[in-house]
Structures are given as C-alpha cells and as structure tokens.
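Read through the structure below, which is laid out as structure tokens, and then see the notes.
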Number of protein chains: 2
Amino acid sequence: VSRVLRLSELADEAGVSLATVKYYQREGLLPAARKVGERRAEYDERHLRRLRLLRVMRDVGGVPVERLRSLVEAVEDEQASPHEMFGVACDALNSPFVDVGPEHAAWREIGDDLIAQSGWDRLRADAPDRDHLAALLEVVSGLSIPGDPESALAYFGLVDQLARFEIESLVDTGEQDRGSLLERMVVGQVVFGQMLLVLRRIAEEHHSALRFA
Amino acid sequence: VSRVLRLSELADEAGVSLATVKYYQREGLLPAARKVGERRAEYDERHLRRLRLLRVMRDVGGVPVERLRSLVEAVEDEQASPHEMFGVACDALNSPFVDVGPEHAAWREIGDDLIAQSGWDRLRADAPDRDHLAALLEVVSGLSIPGDPESALAYFGLVDQLARFEIESLVDTGEQDRGSLLERMVVGQVVFGQMLLVLRRIAEEHHSALRFA
C-alpha cells in the first residue's frame, strides 16, 4: 500500500531541494531508488521518512554530514536492539565538547557517583557522556556558582522525570514498526533537545522577572 | 584588596593563551589594563573573571566572537537591571534556528497559548523564543510523534521547576555584586544548558534500557 513518488514529488514533500536529494544519494544517506526503465526512478514512504529525518537533523540539530552518516548506519543496522541503537544515536549526536581539565579523574569519580545515586544504573560504563558530565562539573567548579551534592541530586531528579516522560511518549504510540521507532528516538533527541532549551530560556526569563524586576 | 596580575599570570590563571588575551583586547572584549610606566600593564580580578567568562562561552557554549561582543556589551551596560540583562543574554545566546514554516502564524498562536497556560506571563511579548517555540512545534507536528496539549503542559511544568531551581541557585549565593551576578546568569545559561542536555541523554539511556533492553 506504499505510495509511489517521483524524484520531484519526493523533494517537494520532504521540503528539500532536488540538489539536496541528489547530494544525499551520492553520500549514501538515502536507500536506493527503484529503477523503472531507463529514465525513471521510483521512491516511496521510506525515502520520504529518511529525507525528513535528515532535514530535521541538519536544520534543527545542526548535525554535520559526517555525523549524519553514522546516524543512518545506526538506523539501518538490523541487528541492533532499539536500546543499542539509542546509545549509538546519543553518541553520534554528542556535542564535540571534550575539553578535559587537569582534575578530570577526580571529577569523573564525583560524576559517576552522582549518576549512581540518581539510580541511573543502566548507563553504559563506557558512555562518553560520563566524561562530558565530569568536564562540565569541572568547569562549574572553576566559576563562582554555588552548589552542593544535595541540590545537584534534586536537579538530577527533575531531569530524570523529564527523560522518563520523553521515553514513554516515544513508546506509547501504538506503532510497532521498528524503523520508525528508531527514527523517532533520534529525532526526539534533537528536536526535544532544542525544545527543552527554548522552554528553559522562556521559563527562566519569567522567573528572573519575578525575582529581579 | 584586589590582586594585581601581569599579563602572563592573567593568561595562565584564566587557562587561555597569551595570543587569546591579546586578541580579546584588540576586539574590545576585555576592560583596558592599568598602564604602569612604559612597558608594564597591570590586570586584576575583573580581567580574570571576564577572561574566564569568555573562555567558557567559547569552549562550552561554542559562541562565535561576534556574539561574544553583544554579551560583553550587555554585561557592561550599567543602566540595565539584572532582569533586562538576562533577556539580552538569552537573545545573544539564542541558537540561529529561525526556519519559519508555512503555518507559522497558527503555531505561534498555539505556542503563545501554551506559554500563557504554563503561567509564564512575564515573558516579553517580543521575545524571539516565542518564534523559536512555534517553529519547533511545527517541526514536531510534521513528524510521527504523538502529543496532546495536556501532556505538553505536563512537560512544560517540569521545565518550569528546573528553571525556578536554576534562578534560585543563582540568587542564593549571598554575593551582592551586580557584575558577578550578571556573569553567573550568562554562564549559567551556557554551562547549565549543556549540563541539562548531557544529563538528559544519560537519563534517557537508562530509561531506554529499562523499557527496551
């Protein structure tokens, strides 16, 4: 029951230019088209879904093409469980911040301890975000921002609620198709990540007005 | 009681190169040094604090130099209240995503309505984040991610708690110095923004494992 699309219809519906579709094809980011005769290529919903995914990654996530490739490989790896796939996607979407400071080992221990106390015991032991967190804790410690382990844990607890909310809303769709679940996870990481930062700025402007204006 | 620093000590303590200090000076991002005789320039804690701020913006926030300037202008504007300053900083730190879709006016209305229902009535009527939010809502609507206004409001409520938590921890320092409060606000926007995204990925990997593995 899949719709058949021509190249121009595909580009149009996905909201990208013909040149962009051809570029993604050359880069191996799109599944091959079905060739019909010499001069005609047919596309379907899978191509459309992939193009929309790539467009969101590029426009909203600012993900460079090299990292688009590792995302696509993860989406296409049929062996990976949804959870493994999620880990791969998280790593691919990681910001390139790896400015490791002189006290990194000590902060890594503190970070791992906060993660354990937050109950996040299913995080991979080698997840790069453990080093991310340690590096950020070290940056914060160099600034005149107060903080104690207890208030850190309260903050982590709020993030835990947000994350559970997002994961549940990804699952709770009735849709069982594996490919589309994985794509939703990836898009969720990017779009909801942006959404979270925008909402946070909005809420902080409001609370800053209440507090300071 | 302010310490006096030479150029090399200043660079060393701030963790940047001499070339970087000189570049920021040329760009007008650092206050002028105190000239002592022909060949010696003296710096103090203000220069150190500013340099640390600029370094965090660049390394953690990925803020380009043009936007560093608007941040510095906001920090140095003695007329601005802390709250006005916060708005300027938020706008300067805004991601450049302004991909406005064909249904923008309708989504803007929906977004403004969600903001009002979340009680964020102190947000400026002309805050650019209103358009950001509308654009993101439009992106989400084009994907196969479910969502209804009620669950959106629950999510917004969690972000509200996070934001209140952050603003209170900025205030609750006993330190009354206006300059350092403003700088903490700006740094908080960047560093805690990164921290939030890292923690969210960590928590989502954990919940994804519980749900899918």
Side-chain angles (χ1 to χ4, degrees), chain A residues 52 56 59-60 81-83 86-87 90 97 99 115 120 122-123 127 129 132-133 136 139-140 142-146 151 155-156 158-167 169 171 173 180 184 187-188 191 193-213, chain B residues 52 56 59-60 81-83 86-87 90 97 99 115 120 122-123 127 129 132-133 136 139-140 142-146 151 155-156 158-167 169 171 173 180 184 187-188 191 193-213:
Chain A
R52 285 191 175 135
V56 168
D59 290 353
V60 185
S81 75
H83 172 61
F86 191 68
C90 283
F97 173 59
D99 184 17
I115 288 170
W120 294 328
R122 304 296 289 268
L123 183 70
D129 274 327
H132 264 77
L133 177 61
L136 287 168
V139 168
V140 171
L143 305 164
S144 54
I145 293 177
S151 64
Y155 188 82
F156 284 34
L158 286 171
V159 178
D160 186 66
Q161 287 185 60
L162 276 177
R164 201 162 43 195
F165 188 100
E166 288 185 23
I167 294 288
S169 75
V171 174
T173 62
S180 90
R184 277 208 308 279
V187 173
V191 179
Q194 289 284 333
M195 181 90 85
L196 180 55
L197 290 183
V198 168
L199 289 176
R200 169 176 164 270
R201 283 197 301 258
I202 289 174
E204 290 197 336
E205 182 171 328
H206 169 76
H207 286 293
S208 143
L210 287 185
R211 202 67 181 70
F212 300 119
Chain B
R52 285 190 175 135
V56 168
D59 290 353
V60 184
S81 75
H83 172 62
F86 190 68
C90 283
F97 174 58
D99 183 16
I115 288 170
W120 294 329
R122 304 296 288 266
L123 182 70
D129 275 326
H132 264 78
L133 178 61
L136 287 168
V139 168
V140 170
L143 304 163
S144 56
I145 293 177
S151 63
Y155 188 84
F156 284 34
L158 286 171
V159 178
D160 186 66
Q161 288 184 59
L162 276 177
R164 201 163 41 198
F165 188 100
E166 289 184 23
I167 294 288
S169 75
V171 174
T173 61
S180 89
R184 277 206 310 278
V187 172
V191 180
Q194 289 285 331
M195 181 90 86
L196 179 57
L197 290 183
V198 168
L199 289 176
R200 169 176 165 268
R201 283 197 301 257
I202 289 174
E204 290 196 338
E205 183 172 326
H206 168 75
H207 287 294
S208 143
L210 288 185
R211 203 67 182 67
F212 301 119

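Residue numbering restarts at 1 for every chain, and letters A, B, ... go by the order of the sequence lines. It should be emphasised that the depicted structure is a prediction, and the values quoted were computed from it without experimental measurement. When reading the values below, keep in mind they use all heavy atoms of this one structure, side chains included, and skip hydrogens, waters and symmetry mates.
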Any chance you could lay out the side chain to side chain contact (heavy atoms under 4.5 Å, CB included) test for B:Asp129 and B:Leu123, step after step, and finish with the verdict? CA-CA 9 Å; B:Asp129 275 326; B:Leu123 182 70; 5.6 Å; no
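- Annotation for B:Arg200 and A:Leu196: closest pair CD-CD2, 3.5 Å, computed over non-hydrogen atoms.
- With a threshold of 4.5 angstrom between heavy atoms, A:Tyr155 approaches chain B through its backbone and through its side chain.
- Between the side chain of B:His206 and the backbone N or O of A:Arg122, at least one donor-acceptor pair lies under 3.5 Å.
- Taking B:His207 as the reference, A:Asp160 meet the side-chain hydrogen bond (donor to acceptor under 3.5 Å, both in side chains) condition, with sequence neighbours excluded.
- Using a 4.5 Å cut-off between heavy atoms, B:Leu197 touches chain A through its side chain atoms alone.
- When heavy atoms are compared at a cutoff of 4.5 Å, A:Leu133 approaches chain B by way of both its backbone and its side chain.
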